[in-house]
Amino acid sequence: MGLDAATFAKQAEQMRTGAGFIAALDQSGGSTPKALRLYGVTEDMYEGEDAMFAEIHEMRTRIITAPDFTSKKVIGAILFERTMRGQVEGKPTAQALWEDRGIVPFLKIDKGLEAKADGVQLMKPIPGVEELLKEAAEFGIFGTKERSVIFDANPKGIKAIVAQQFELGKTVLKAGLVPILEPEVDIKSATKAEAEEILKAEILAHLDQLAEGQDIMLKLTIPTVDGLYDALADHPRVIRVVALSGGYSTDEACERLARQPKMIASFSRALAEGLTKQQSDAEFNAALGANIDKIYQASA
C-alpha cells in the first residue's frame, strides 16, 4: 500500500496537534504470556507460539473494533510485527486502523534489550532493519517505536542510550517513517529524577543536531518533576512527546500525566486494565471505553 504524500502529511498533523493519545498494542514474544494472563487467558488454554499469538491478535482485534476505539480519543496505535502482518475484519491491520478508525499506525521495531551495563539496557541489534522498514512502509505504517531502559543516573550509560536511539531514529527517517524514540526511565529507580535531568540534556543536544525535516517523536516515563520535558515538546524537531505508563496503575499514571501539559499518553497495560476474554462484548466495550476516556482526559 504505502502512504502517499497527502496521507503522510495528514497523519503527521494528527500526531502533532490531535487531541487524544496513542494506544500501545505492541506486546511482543516475551511480554505476550503476561498480557494474556491479565486478559484471562492462561498458558494451559493454548498450545505453542502460534496459538499464543492467535489469542493476542484476537484480543487486539477486539480492542481495535470496539466502538470507542476511534480517532475521537485515540490518535495513534503501536503494533507488533505479527499484528502488522495480520488482518482486522479482512484488511491489513494498519489499513483497518487508518481507513476505518482514523488512527495513525506505528510499528514496534526493537528486538529486546542487552544485559544491563552502566545503569542502562541498550537495544539489541536489529538484523534486517532496513527490510523491515521497507515492509512497514508498504503496509502503510507511519512511524516506528524503539525502547531501551535507564535504571540509574549514570551519565555514561544515559549518553550511550540516547546516542543509540538517535542513530536508529535516523535510519527510520531515511526510510521515510517517523521514529518514536523511547529511552524509558524505570519508575523504581532510586535516582529517577536525576536520571531524567541527564536524559533531557542529552536529548536536547541530539535534537539540536537534527536537520530541518528530520522530525521525531519521544516516548518517555512521566517525569518526577512536573513539566520537565516541556522544552523537548517545544523543540522544532519534535512532533510530540508521549508518556509510557511504566508499571503505574491506570489511575496513578493518569493522575501523574494530567500534571504534564505538554505530554499525551501512550499506554499499553493501563489501556487493557480490567479487560478479559470472558467478558461479554457489552462488558468488554464498557470497560475499554472507561479506560479510553480516563486516559483521554489525562492527555487533554
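For reference, positions follow the sequence shown, starting with 1. For clarity, every value in this text was computed on a predicted model and none was experimentally measured.
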Exercise for review: With side-chain contact (heavy atoms from CB on, under 4.5 Å) as the test, would you mind laying out the steps for F267 and E273 before giving the verdict?
Suggested key: CA-CA 10 Å; F267 294 170; E273 192 170 277; over 6 Å; no
Check your understanding: For Q260 and I222, what are the C-alpha separation, side-chain angles and deciding distance, and is it a side-chain contact (heavy atoms from CB on, under 4.5 Å)?
Key -> CA-CA 8 Å; Q260 318 303 323; I222 303 166; 4.0 Å; yes
Check your understanding: Would I109 and K145 satisfy side-chain contact (heavy atoms from CB on, under 4.5 Å), going step by step from the backbone distance to the final call?
Key -> CA-CA 6 Å; I109 60 169; K145 190 210 78 164; over 6 Å; no
Check your understanding: Where do T171 and E167 land on the side chain to side chain donor-acceptor pair (under 3.5 Å) test, with the steps shown first?
Key -> CA-CA 7 Å; T171 303; E167 186 185 349; over 6 Å; no
Point to revise | Stepwise salt bridge (charged side-chain N to carboxylate O under 4.0 Å, His left out) test for D215 and R16 | key: CA-CA 11 Å; D215 296 351; R16 203 178 287 281; 3.3 Å; yes
Practice item. Would you check, one step at a time, whether the test salt bridge (charged side-chain N to carboxylate O under 4.0 Å, His left out) holds for E130 with K134? Key: CA-CA 6 Å; E130 281 89 358; K134 191 174 173 222; over 6 Å; no
Exercise for review: In sequence, state the C-alpha distance, the side-chain angles, and the governing distance for Q214 and I216, and then conclude on side-chain contact (heavy atoms from CB on, under 4.5 Å).
Suggested key: CA-CA 7 Å; Q214 288 187 304; I216 65 150; 5.9 Å; no
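Nearest heavy atom pair, residue M263 against residue A243, reads CE-CB, 3.7 Å. When all heavy atoms of K116 and D152 are compared, the closest pair comes out as CE-OD2, 4.2 Å. Minimum interatomic distance between I239 and A12 (heavy atoms only, all atoms of both residues): CG2-O, 4.3 Å. Summarising the geometry of V242 relative to I22, their closest heavy-atom pair is CG1-CD1, 3.8 Å, with the distance given to 0.1 Å. In this structure, N285 and A66 approach most closely via the heavy-atom pair OD1-CB, 3.5 Å. Here the closest heavy-atom approach between residue P125 and residue E114 is recorded as CD-OE2, 3.5 Å.
For the pair T250/K294, a side-chain contact is recorded, criterion being any heavy-atom separation below 4.5 Å from C-beta on. Looking at F69 and L25, their side chains come closer than 4.5 Å, going by heavy atoms from C-beta outward. Using a 4.5 Å cut-off on side-chain heavy atoms (C-beta onward), L113 and K124 make no contact. Under the 4.5 Å side-chain criterion, counting only non-hydrogen atoms from C-beta, L133 is in contact with T144. Contact of the S266 side chain with the L244 side chain is not registered, since no non-hydrogen atoms from C-beta on lie closer than 4.5 Å. Within the 4.5 Å cutoff, no side-chain heavy atoms of I56 are placed close to those of E58. The side-chain heavy atoms of F284 and L275, taken from C-beta on, include a pair separated by under 4.5 Å.
When atom types are taken as modelled, the side chain of H57 and the backbone of M52 share no donor-acceptor pair closer than 3.5 angstrom. Judged by distance alone, with hydrogens and angles left aside, the side-chain atoms of D118 form no donor-acceptor pair with the main-chain N or O of N154 at under 3.5 Å. A donor-acceptor pair under 3.5 Å is absent between the side-chain atoms of E146 and the main chain of P179, judged by distance alone. A distance-only check finds no donor-acceptor pair linking the side chain of R147 to the backbone of L181 [under 3.5 Å]. The backbone N or O of I161 lies less than 3.5 Å from no partner atom in the side chain of Q164, so there is not a single donor-acceptor pair. Checking side-chain atoms of E212 against main-chain N and O of P236 turns up no donor-acceptor pair under 3.5 Å. Not a single donor-acceptor pair under 3.5 Å links the side chain of E202 to the backbone N or O of A160. Under the 3.5 Å distance criterion, the side-chain polar atoms of T221 are matched with a main-chain donor or acceptor of V185. No side-chain donor-acceptor contact under 3.5 Å links S299 to the backbone of I264. The closest donor-acceptor contact from the side chain of T93 to the backbone of G86 lies under 3.5 Å.
T83 and R60 are linked by a side-chain donor-acceptor pair at a separation below 3.5 angstrom, with hydrogens and angles left out of the test. Defined by atom type and a distance below 3.5 Å, a donor-acceptor pair is missing between the side-chain atoms of D186 and S189. With 3.5 Å as the limit, one finds no donor-acceptor pair spanning the side chains of T7 and Q11. Donor-acceptor pairing under 3.5 Å is recorded for the side chains of T42 and D44.
Under a 4.0 Å N-O distance rule, the pair R85/E81 qualifies as a salt bridge. Salt bridge absent: K219 and E184 never bring a charged side-chain N and a carboxylate O closer than 4.0 Å. Note on R82 versus E49: salt bridge recorded, some NZ/NE/NH1/NH2 to OD/OE distance being below 4.0 Å. Salt-bridge annotation for R259 and D226: present, with a side-chain N of the basic residue lying under 4.0 Å from a carboxylate O of the acidic one. We find that D208 and R237 are not joined by a salt bridge, their nearest charged nitrogen and carboxylate oxygen being 4.0 Å or further apart.
Residues I292 and M59 are members of one and the same hydrophobic cluster, defined by side-chain heavy-atom contacts under 4.5 angstrom among Ile, Leu, Val, Met, Phe, Trp and Tyr. Under the 4.5 Å side-chain heavy-atom criterion for Ile, Leu, Val, Met, Phe, Trp and Tyr, Y248 and L257 are members of distinct hydrophobic clusters. Connection of L210 to Y229 is established within a shared hydrophobic cluster, with ILVMFWY side chains joined at heavy-atom distances below 4.5 Å, either directly or through further cluster members. Residues I203 and F151 do not share a hydrophobic cluster, clusters being chains of Ile/Leu/Val/Met/Phe/Trp/Tyr side chains in contact below 4.5 Å. Residues L38 and V41 are members of separate hydrophobic clusters, defined by side-chain heavy-atom contacts under 4.5 angstrom among Ile, Leu, Val, Met, Phe, Trp and Tyr.
Environment of CD in E43: crowded, with over 12 heavy atoms of neighbouring residues, nucleotides or ligands closer than 6.0 Å. The 12-atom threshold is exceeded at CD of Q278, counting heavy atoms of other residues, nucleotides or ligands nearer than 6.0 Å. In K91, the NZ atom is crowded: over 12 heavy atoms of neighbouring residues, nucleotides or ligands sit closer than 6.0 Å.
F142 and F8 have their aromatic ring centers within a separation under 6.0 angstrom.
Both cation-pi conditions hold for K73 and Y296: the charged atom is under 6.0 angstrom from the six-membered ring centre and inside a 45 degree cone around its axis.
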